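What follows is a set of notes on a single structure, which appears directly below.
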Amino acid sequence: RWRKWQIRARIQSSIDRNLAQAMNELERIGNLLNLPKSVKDEAALIYRKAVEKGLVRGRSIESVVAAAIYAACRRMKLARTLDEIAQYTKANRKEVARCYRLLLRELDVSVPVSDPKDYVTRIANLLGLSGAVMKTAAEIIDKAKGSGLTAGKDPAGLAAAAIYIASLLHDERRTQKEIAQVAGVTEVTVRNRYKELTQELKISIPTQ
Amino acid sequence: MATVTLEQSLDLYAMERSIPNIEYDPDQFPGLIFRLEQPKVTALIFKSGKMVVTGAKSTEELIKAVKRIIKTLKKYGIKIMGKPKIQIQNIVASANLHVNVNLDKAAFLLENNMYEPEQFPGLIFRMDDPRVVLLIFSSGKMVITGAKREDEVSKAVKRIFDKLAELDCVKPIEEEEELEL
DNA sequence: GCTTTAAAAAGTAATAT
DNA sequence: ATATTACTTTTAAAAGC
C-alpha cells in the first residue's frame with residue numbers, strides 16, 4: 001500500500017527532523033552543564049523514546065530535552081537540580097518539571113529517588129573539600145537516613161548541612177553562605193537541617 | 001468541590017451592579033466570584049446558570065451554602081426558578097495514620113507513585129480502586145483527593161494503611177504527645 | 001494548555017521585623 | 001536570626017481563549 005508507506009515515511013521524517021534539532025539542543029545544554037558523554041547519551045536515549053511515543057507534541061523540544069537530561073542525571077546519579085538545567089532553556093523550572101513528570105509516567109524509565117550523598121560529592125568538589133570531609137558527610141547522611149530524618153527533605157539541603165558539619169569537624173570550615181550557594185538552597189535551609197542533624201544525631205561541634 | 005446547575009441563564013453584569021462584595025472581571029475569568037461567609041464557601045457563578053462551589057467541609061454545609069447563595073441572589077432581585085441540582089465533583093480530605101512512613105521504601109515498593117523530595121515532601125500515590133490520589137507524608141499524615149463520595153475516602157485510607165503495613169513501610173511513632181480532650 | 005476558586009499535608013523560599 | 005507569608009503538589013468543574 002503506497003498510501004500507508006507514504007504516511008509512515010512522512011512520520012519517520014518528522015521524527016528525524018525533531019531528533020536532529022533535539023540533539024543539537026542536547027549537545028548545547030549538555031556542554032553548558034559539563035555533562036559527561038555517558039549522561040548525554042542516556043538523555044538522548046530517553047528523548048528518542050519520548051519522540052517515538054509522540055510525547056513532544058504541543059511542547060517545546062527544548063523543555064523535553066531538559067527533562068530528559070534531568071532524568072538521565074538522576075539515573076546516572078549525577079547531582080544536578082532542575083533549576084540548574086532549566087536555566088539554560090527559555091522554559092522555566094515548572095515547565096521542565098511538567099515534562100519530566102510526563103516522561104516518568106509515559107516511558108519505561110525508572111529513576112531512583114535522589115540520594116543526598118550524590119549532592120555531598122558535588123558540593124565537596126565545588127568547594128575543594130577533602131575526601132575526609134566527604135566521607136564524614138556521607139556517614140552523617142547514612143545516620144540521618146537510619147534515624148528517619150531525611151524523608152521529605154530536599155536532598156540538596158541535607159547534603160549542604162552534612163557538608164557544613166563535616167567541614168567543621170575536620171577543621172576545613174566553609175561558611176553556611178558558601179555552602180548554600182553551591183548547593184542551590186538558602187542559608188535558612190542549611191541552618192534548619194544543621195540544627196536538626198546535630199541535635200537528633202547528637203553531634204557535638206568543637207566550639208571555636 | 002461541587003457544581004450546581006440552575007436551569008436558566010444569568011445576567012452577571014446585572015448581578016455585579018446589584019450585589020455587594022462580588023468580583024467580576026470577564027477579561028480575567030468568565031465566572032463571577034461570590035464569597036459566602038457562613039458557611040464559608042466561594043462560588044464561581046457563570047452566565048449559563050452553572051456554578052462551582054468550593055470550600056464546604058461537608059455535604060450538609062454544601063447544601064446549606066447553596067441555599068443561602070440562592071437566597072442572597074433573590075434578595076438582590078435576581079429571579080431564580082426551580083431548585084438547583086447539586087453534584088459533588090471532588091472531595092479533598094486529610095487523614096493521619098499515626099505511624100511514621102518510610103517514603104524511600106514505599107517509593108520503591110508501591111506501583112503508581114512519584115516521590116521527588118526536591119520538588120515536594122509528599123509521596124504521590126495514584127490508587128486505582130477507589131480512583132483517588134493520595135499525598136503521603138513521612139509523618140503518617142496524608143491528603144486524599146479526587147474522590148466523589150465520602151466512603152471512597154475512608155476506603156482509600158484503609159487500603160493505603162494496609163498496603164503500607166504489608167510492605168513494612170510503617171513504624172510506630174516514638175514521641176507520642178497526643179491530645180487530652 | 002491557560003485563566004479562577006479552596007483545602008490539606010510538610011518543606012523551602014522570600015520578605016519582614 | 002526568627003517570624004510571617006507565600007509558594008510547591010494533587011483534584012474537579014465552570015466558559016472561553
Side-chain angles (χ1 to χ4, degrees), chain A residues 57-60 63 81-83 92-95 97-99 101-102 149-158 160 176 180 183-193 195-196, chain B residues 1-6 9-10 12 23-36 39-58 61-62 65 86-97 101 103 113-127 130-148 152-153 156:
Chain A
R57 285 176 189 170
R59 257 167 266 273
S60 76
S63 34
T81 64
L82 216 46
D83 276 311
N92 55 342
R93 191 204 79 264
K94 200 168 182 176
E95 174 59 20
R98 198 197 315 279
C99 293
R101 267 173 248 143
L102 183 78
L149 300 174
T150 61
K153 268 94 167 196
D154 183 350
L158 286 165
Q176 292 183 357
V185 297
T186 63
E187 289 177 66
V188 178
T189 294
V190 177
R191 203 171 299 130
N192 288 340
R193 293 302 127 242
K195 281 182 187 168
E196 188 175 45
Chain B
M1 187 234 91
T3 50
V4 177
T5 305
L6 300 172
S9 57
L10 265 16
L12 300 186
E23 276 179 56
Y24 183 46
D25 181 0
D27 292 330
Q28 187 188 180
F29 188 68
L32 178 155
I33 304 169
F34 182 113
R35 289 169 208 278
L36 187 74
K40 196 183 175 211
V41 301
T42 298
L44 305 178
I45 306 176
F46 301 85
K47 64 176 184 285
S48 62
K50 292 186 177 178
M51 19 195 280
V52 170
V53 180
T54 60
K57 290 269 182 272
S58 66
E61 212 178 272
L62 171 67
I86 303 174
Q87 292 174 288
I88 294 175
Q89 303 289 166
N90 179 33
I91 295 176
V92 181
S94 60
N96 190 348
L97 300 181
V101 181
L103 298 182
N113 80 88
M114 167 119 89
Y115 175 48
E116 299 279 323
E118 42 270 276
Q119 185 120 62
F120 187 71
L123 180 151
I124 300 163
F125 178 66
R126 290 164 198 281
M127 189 176 276
R131 196 157 196 82
V132 298
V133 173
L134 302 103
L135 310 183
I136 306 165
F137 300 85
S138 66
S139 63
K141 290 185 180 179
M142 53 198 268
V143 172
I144 305 90
T145 185
K148 281 202 157 54
E152 293 175 331
V153 174

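These values consider heavy atoms only, across backbone and side chains, with no hydrogens, waters or symmetry-generated copies. So you know, we letter chains A, B, ... as the sequences are listed, proteins then strands, and number each from 1. Here the structure is a predicted model, which means the values were calculated and not measured.
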B:Lys148 side chain to B:Asn90 backbone, donor-acceptor under 3.5 Å: no
Phosphate contact (C:dC2 OP1 or OP2) by A:Arg98 side-chain N/O below 4.0 Å: yes
For atom CG of B:Leu103 and atom P of D:dT9, their distance in whole Å: 18 Å
Rounded distance (Å) that lies between atom C1' of D:dT10 and atom OH of B:Tyr115: 17 Å
Please list, pair by pair, any protein nitrogen or oxygen found under 3.5 Å from a nitrogen or oxygen in nucleotides 15-17 of chain C.
none

Distance (rounded to the nearest 0.5 Å) between B:Leu32 CG and B:Lys47 NZ: 12.0 Å
Could you pull out every donor-acceptor pair under 3.5 Å between side chains of residues 183-190 of chain A and any protein atom, sequence neighbours left out?
{"from": "A:Thr186", "atom 1": "OG1", "to": "A:Thr189", "atom 2": "N", "distance (Å)": "3.3"}
{"from": "A:Thr186", "atom 1": "OG1", "to": "A:Thr189", "atom 2": "OG1", "distance (Å)": "3.3"}

B:Val41 to B:Gly55 - nearest heavy-atom pair and separation: CG1-C, 4.1 Å
Taking every non-hydrogen atom, the tightest pair across B:Phe125 and B:Asn113: CD1-CB, 4.2 Å
A:Leu82/B:Glu118 under side-chain contact (heavy atoms from CB on, under 4.5 Å): CA gap, chis, key distance, verdict: CA-CA 9 Å; A:Leu82 216 46; B:Glu118 42 270 276; over 6 Å; no
Candidate list B:Thr145, B:Thr54, B:Val153, test side-chain contact (heavy atoms from CB on, under 4.5 Å), partner B:Val92, passing option: B:Thr145
Secondary-structure stems for DNA chain C, with pairs counted as Watson-Crick or G-U when both distances are under 3.5 Å and runs at least 3 long: C:1-5 with D:13-17, C:7-17 with D:1-11
First encountered from the 5' end of DNA chain C, between A:Leu158 and B:Thr42: B:Thr42
Value in whole Å for how far the P atom of D:dT9 lies from CD of B:Glu116: 12 Å
Residue mapping more 5' on DNA chain D - nearest nucleotide basis, A:Gln176 or A:Ala97: A:Gln176
Minimum heavy-atom distance B:Phe46-B:Leu10, with the two atoms named: O-CD2, 3.8 Å
Any side-chain heavy-atom pair of B:Thr3 and B:Met1 under 4.5 Å: yes
Distance between P atoms of D:dT9 and C:dG1 (Å, rounded): 14 Å
Which residue lies more 5' along DNA chain C, comparing A:Glu95 with B:Glu23 via nearest heavy atoms: A:Glu95
Atom P, compared across D:dA6 and C:dT4: separation rounded to whole Å: 16 Å
Point-to-point distance, once rounded to the nearest 0.5 Å, from CG of B:Leu97 to CD1 of B:Ile136: 8.0 Å
Heavy-atom check, side chain of B:Phe34 versus side chain of B:Tyr24, under 4.5 Å: no
Protein-nucleotide distance (A:Asn92, atom CG; D:dC7, atom C1'), rounded to Å: 14 Å
Sugar-phosphate only, base, or nothing, as touched by A:Val185 at under 4.0 Å among non-hydrogen atoms: sugar-phosphate
Beyond-backbone contact of B:Gln119 with A:Arg101, side-chain heavy atoms, under 4.5 angstrom: yes
Touch class at under 4.0 angstrom, heavy-atom based, for A:Arg101 against every strand present: sugar-phosphate
All ring-ring contact (aromatic ring centres under 6.0 Å, His included) counterparts of B:Tyr115, not counting sequence neighbours: none
Evaluation steps, salt bridge (charged side-chain N to carboxylate O under 4.0 Å, His left out), between A:Lys153 and A:Glu196: CA-CA 12 Å; A:Lys153 268 94 167 196; A:Glu196 188 175 45; 3.4 Å; yes
Sugar-phosphate or base contact per nucleotide [nucleotides 11-17 of chain D; S, B, -; heavy atom under 4.0 Å]: BBBBBS-
Atom-pair distance (CG on B:Leu36; C1' on C:dT5), nearest Å: 14 Å
For atom CE of B:Met114 and atom P of D:dT9, their distance in whole Å: 10 Å
Can you give me the N/O atom pairs linking the protein to nucleotides 9-11 of chain C at distances under 3.5 Å, or say none if there are none?
{"from": "C:dA10", "atom 1": "OP1", "to": "B:Ser139", "atom 2": "OG", "distance (Å)": "2.5"}

Inter-residue atom distance B:Met51.CE - B:Thr5.OG1, 0.5 Å rounding: 9.5 Å
Interatomic distance where CG belongs to B:Asp25 and C1' belongs to C:dT5 [whole Å]: 15 Å
